[in-house]
Amino acid sequence: MGAQRVAEVDVRKQALDEPGVLQVQLPSPVSLQVSLECGQVFRWKRCDFQGCPDIGIAYKGVTGGTGLIMGQSQPLSDLVWVRYDPGAVSPQDVRDTVLRYLSAEDDIPSIESRLAASGEVMREAVTFGRGLRIIKQDPWEALASYVLSINNSITNISRIIGYLSERLGEPCGLGEKSFPGPERIAGADLTCLRECKCGFRAQNLLDAARKVSGGEIDLDAIPTMTVDEARRELMRIRGVGPKVADCVLLFGYHKLEVFPVDVWVARAVSRYFMGGRPVSPEEARAEGLKRFGQLAGYAQEYLFYYLRSQEL
DNA sequence: AAACAGGTGCTAA
DNA sequence: TTAGCACCTGTT
């Protein structure tokens, strides 16, 4: 019913040479709302899935180098509707991009049940965050984003990334602009980055862009390293400490065995697993790694989303 | 108005 | 090794 409706709209829009529409089937349910709003990505804005009232929730953003709108008619479903610019990208590429971005191959039912079985708190956190998927971001964009996240608010991080894309990125469909590559940012000057409201992080971002574009840091080599090596490598960049490095490994390289510790996660570990005793970030990290092993990344994101929703 | 936000680098013990 | 502090900018 809803599908038919969308198909009709699709045909009409195509005839008008406007963005196309397709649906992507995932192997297990996903919640776009949870996955895109839990704070792991900064590019997606709520919007209408134009002309399709059945699609209750939709987001516009950029991934895989193209502007997309993703939407769902139900909050938790294995079906995702996608609107794209047919002049910029093929339907098959859109499908592949979305499947990859949403980590279609992660066995979510298994991850959810194993974490839920690990204790009462995790059971509640998983229930609350059902449909969460660790997004596969572009490694450079993840690095830049988390360099910008230092001592910053999520809304402000999103805004800065928007400014940088608007100013230095390239049109990539649906009126969106891509996130500028390392060469582009390395070629910009400090003034430009300050004008994009990077603040004191401008210097750090520039350092990251220079090291990456100059080959001093090889982002393509990270997957061949052990997590510890990769961590040390990333931390050679100014402004990249343990937390940022772990976020880059989790969100840019899908290293699910890392456990990034920020103030919220440290708070969660203290409250739920250490009887309320204050813990250092390093102690919280050790506890997370020990407790969750290969699922640490997912556990961290459920905990973060769960605790924040309670206290925000 | 003052404090805080997905931390990190620097300095001093 | 670790504690204390400053830091752009926007919000409350």
Side-chain angles (χ1 to χ4, degrees), chain A residues 34-45 125 128-129 132 134-135 137 139 141-164 166-167 185 188-211 217 231-253 255 258-272 277-288 296-312:
Chain A
V34 174
S35 299
L36 301 180
E37 291 192 23
C38 69
Q40 59 175 324
V41 279
F42 305 96
R43 287 228 60 165
W44 298 89
K45 298 180 293 270
F128 184 79
L132 168 68
I134 302 288
I135 298 291
Q137 303 181 41
E141 183 168 345
L143 172 58
S145 297
Y146 282 91
V147 162
L148 293 171
S149 78
I150 292 174
N151 194 236
N152 207 350
S153 65
I154 292 181
T155 51
N156 206 34
I157 300 163
S158 304
R159 183 174 330 166
I160 296 170
I161 290 172
Y163 291 146
L164 288 169
E166 186 56 42
R167 178 101 177 241
I185 290 186
D189 59 356
L190 222 41
T191 309
C192 172
L193 300 184
R194 299 305 280 264
E195 284 167 1
C196 290
K197 306 301 178 184
C198 292
F200 67 88
R201 306 164 196 85
Q203 188 63 251
N204 298 347
L205 180 61
L206 199 54
D207 185 55
R210 284 177 178 158
K211 287 197 165 98
I217 300 269
R231 243 170 148 246
R232 275 196 296 276
E233 181 71 1
L234 290 169
M235 287 195 286
R236 291 172 50 218
I237 297 165
R238 186 183 172 79
V240 178
K243 192 271 178 179
V244 170
D246 282 344
C247 283
V248 174
L249 290 173
L250 181 56
F251 303 121
Y253 293 94
K255 297 284 186 191
V258 303
F259 192 76
V261 174
D262 55 53
V263 289
W264 293 93
V265 172
R267 214 170 287 167
V269 168
S270 163
R271 179 180 306 179
Y272 299 134
R277 179 174 62 80
V279 294
S280 70
E282 193 42 53
E283 198 178 354
R285 175 167 170 267
E287 178 67 20
Y298 268 97
Q300 184 268 2
E301 208 54 22
Y302 284 119
L303 285 171
F304 177 78
Y305 186 59
Y306 180 58
L307 187 62
R308 264 182 72 96
S309 69
Q310 297 212 319
E311 308 222 338
L312 229 56

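Because the structure is a prediction, the values reported are computed rather than measured. No hydrogens, no waters, no symmetry mates; every other heavy atom, side chains included, goes into these values. Chain identifiers are assigned alphabetically (A, B, ...) following the order of the sequence lines, protein sequences preceding nucleic acid strands; residue numbering begins at 1 within each chain.
- At whole-Å resolution of the value, CZ in A/Arg236 and P in B/dT8 are 17 Å apart.
- Regarding contacts with the backbone of B/dC10, a side-chain N or O of A/Arg238 is found under 4.0 angstrom from either OP1 or OP2.
- Closest approach to the A/Asn151 side chain among C/dT9, B/dA5, B/dT8 is made by B/dA5 (side chain taken as heavy atoms from C-beta onward).
- Of the listed nucleotides (B/dG7, C/dC8, C/dT11), C/dT11 has the atom at the smallest distance from the side chain of A/Arg159.
- Put simply, A/Arg201 has no side-chain N or O that comes within less than 4.0 Å of OP1 or OP2 on C/dA6.
- Between B/dT11 and C/dC8, the two P atoms lie 16 Å apart (nearest whole Å).
- Distance A/Asp246 CG to B/dT8 C1': 14 Å, rounded to the nearest Å.
- Rounding to whole angstrom units, CG of residue A/Leu193 and C1' of C/dC7 are separated by 17 Å.
- A perpendicular orientation is assigned to the rings of A/Trp264 and A/Phe304, their planes being inclined by more than 60° (bins at 30° and 60°).
- Closest contact between the side chain of A/Ser153 and the listed nucleotides B/dA5, C/dT11, C/dC8 involves B/dA5.
- Of the listed nucleotides (B/dG7, C/dG10, B/dA5), B/dA5 has the atom at the smallest distance from the side chain of A/Arg267.
- Pair assignment for C/dA6: B/dT8, on the basis of Watson-Crick or G-U wobble contacts that are both within less than 3.5 Å.
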